[in-house]
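Have a look at the structure below, then the notes.
These values consider heavy atoms only, across backbone and side chains, with no hydrogens, waters or symmetry-generated copies. On a predicted model such as this, the values are computed, not experimentally measured, just so you know.
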Amino acid sequence: MRRCAVALFGQRARLRWLHLVLGGALFMPYWLVGTIVTAFLLDSPGGLFGGSLAVQFGAYAVGLPLAAVTALFPLARPMSVAVVRALCGVPADRFADGPARGREAKARTVGWFTLHVGVGALVSGASLALPPFAASLAALPFSPALRESELGRFWGLDRPWLLWAALPAGLLMLLALAATAAATGALLARLAPWLLGPSPADRLAAAERRAAEAESRNRLARELHDSVGHALSAVTLQAGAARRVLDTGDAADLEFVREALTAIEETTRRTVGELDWVLGLLRRGEEVEEGVGPGLDALEALVRGAGPRVALTVDGALGPVPEALSREAYRIVQEGLTNAARHAGGTPVTVRLDARTEELEITMENPLPERPPVARPDGGRGLLGVGERARLLGGTAEAGPVDGVWRLAVRIPR
């Protein structure tokens, strides 16, 4: 009994009943238009609200196609989904977001909206008309005035047992109304995910959004890796070199210590600025655009911060290099210096940029360490990131041992 009571009068049933009543309220404008049309066609003398049953059901038949047409508007599905999520007790992730895309999704939206307002109008009408009638019927045994009214004469209750049968009859009518509303609400809740669920176009759009979000996260990770990773490697290398010089106690090498500390200061200051920029994008929830950050105009400061054993050679003018290419080239050189500091710390590094042709060529070389670096698929992102940056701009990147040196060669069209 308790389960039946909950099913008929529980919170979920009441919310679904409210959902049906809302559908009936949405149908009212269509019904009014249908009433005018039907009363005119049938030449009904009852006016707008006093027409016959033929006029009322004719208005219902005219209103449904009108509701179906309005369901083609873009706001129909978002509005319907919002109402169903709030009132029907269906998991929110089973519905599509945004306007319907494609014929199939639009047709399902039309079907849902028409079903909702059509069934809701019937349940709403019954909810308005049946309770007063059932209450009057149940009150017949206790009210002589009701027994003498049109209602009592209609039922012909001239026997006591028939008179007292009106009480359970009225209660059964109310119970039947609750059962009908609960069953109809449950049916609509079952159909809602199918009619308002995502279509293939919606799934494709969702997959594209997820791919764009993943790409944005990858870009953010690449920016953080290149900027912070280079700074930590450069600072570690400079600090270690300065410590070794101080351990010797040679006053002549104090100038080297001063240069190392200056390089550490410049590197950390530059990196803090880049880190603030990236974290600012993250806090604001903005997408990280490809190729954002310092460019080749900051290349000399980058090389100077990497230490005195890094030599930079530039052939051609870097000013005409496009902005996006300039920024990606800066990151590539930065990552090359980071790899050299990690795997061959203390060895000389030569950096050459050739901007004299239609391609920007970046070549970085350092003597081979005992264990040459490799691109690690299990988490090493340095050389993989360089390759990604080059490919995004239509270029190529090669890294490996050549003639006793470790060489990173990148070619990117201008």
Side-chain angles (χ1 to χ4, degrees), residues 1-32 53 56-57 59-61 63-64 67-68 70-71 75-97 100 105 107-142 151 165-198:
M1 288 294 295
R2 182 177 180 181
R3 294 182 62 181
C4 292
V6 171
L8 295 180
F9 305 105
Q11 182 180 10
R12 176 171 294 183
R14 295 196 304 271
L15 289 176
R16 289 176 177 175
W17 200 335
L18 178 61
H19 178 251
L20 292 169
V21 172
L22 180 60
L26 291 174
F27 187 70
M28 281 299 298
Y30 309 106
W31 181 81
L32 290 174
L53 286 177
Q56 306 303 318
F57 283 104
Y60 182 82
L64 285 179
T70 58
L75 286 178
R77 191 172 73 171
M79 181 186 68
S80 299
V81 168
V83 173
V84 172
R85 281 173 171 168
L87 299 177
C88 286
V90 182
D93 58 356
R94 300 187 63 183
F95 298 103
D97 293 315
R108 289 191 287 122
T109 302
V110 169
W112 167 261
F113 188 76
T114 307
L115 179 65
H116 179 211
V117 298
V119 174
L122 297 177
V123 174
S124 298
S127 300
L128 289 174
L130 189 58
F133 176 78
S136 300
L137 186 62
L140 280 175
F142 310 101
L151 179 62
L167 176 60
L171 296 177
L172 286 176
M173 287 182 182
L174 294 176
L175 187 63
L177 175 61
T180 301
T184 306
L187 177 62
L188 288 184
R190 182 180 293 271
L191 293 176
W194 178 60
L195 294 175
L196 297 176

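Partners of Pro91 by side-chain contact (heavy atoms from CB on, under 4.5 Å), not counting sequence neighbours, listed by chain and number: Asp93, Arg94. Partners of Leu174 by side-chain contact (heavy atoms from CB on, under 4.5 Å), not counting sequence neighbours, listed by chain and number: Pro131, Ala134. Residues passing the side-chain hydrogen bond (donor to acceptor under 3.5 Å, both in side chains) test with Trp17, sequence neighbours excluded: Ser127. Taking Phe113 as the reference, nothing meets the ring-ring contact (aromatic ring centres under 6.0 Å, His included) condition, with sequence neighbours excluded. A search for salt bridge (Lys or Arg N to Asp or Glu O under 4.0 Å) contacts involving Arg16 returns nothing, not counting sequence neighbours. Every residue two or more places apart in sequence or in another chain that forms a ring-ring contact (aromatic ring centres under 6.0 Å, His included) with Tyr60 is listed here: Phe27. Among residues two or more places apart in sequence or in another chain, the side-chain contact (heavy atoms from CB on, under 4.5 Å) test is passed with Ser124 by Val21. Ala59 is linked by a side-chain contact (heavy atoms from CB on, under 4.5 Å) to Trp31, Thr35, Thr38, counting only residues two or more places apart in sequence or in another chain.
No donor-acceptor pair under 3.5 Å is formed between the side chain of His116 and the backbone N or O of Leu22. Looking only at distances, a side-chain donor or acceptor of Thr70 sits under 3.5 Å from a matching main-chain atom of Ala67. Looking at Arg14, its side chain does come within 3.5 Å of a backbone N or O of Phe9 through a donor-acceptor pair.
Here the closest non-hydrogen pair linking Ala13 and Ala7 is CB-O, 3.3 Å. The shortest non-hydrogen separation linking Ala189 to Cys88 is CB-O, 3.9 Å. Pairing each heavy atom of Leu64 with each of Gly118, the nearest pair is CD2-CA, 3.7 Å.
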Considering only distance and modelled atom types, tabulate donor-acceptor pairs under 3.5 Å from the side chains of residues 176-187, sequence neighbours left out.
residue : atom : partner : partner atom : Å
Thr180  : OG1  : Ala176  : O            : 2.8
Thr184  : OG1  : Thr180  : O            : 2.7

For residues 79-86, please give each side-chain donor-acceptor pair under 3.5 Å, one per line with the distance, not counting sequence neighbours.
residue : atom : partner : partner atom : Å
Ser80   : OG   : Ala76   : O            : 2.9
Arg85   : NE   : Ala92   : O            : 3.3
Arg85   : NH1  : Asp97   : OD1          : 3.1
Arg85   : NH2  : Ala92   : O            : 3.1
Arg85   : NH2  : Asp97   : OD1          : 3.0

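The salt bridge (Lys or Arg N to Asp or Glu O under 4.0 Å) contacts involving residues 108-129 comprise Glu104-Arg108, where partners must be two or more places apart or lie in separate chains. The side-chain hydrogen bond (donor to acceptor under 3.5 Å, both in side chains) contacts involving residues 166-177 comprise nothing, where partners must be two or more places apart or lie in separate chains.
Once rounded to the nearest 0.5 Å, the distance linking CG of Leu196 with OG1 of Thr109 reads 6.0 Å.
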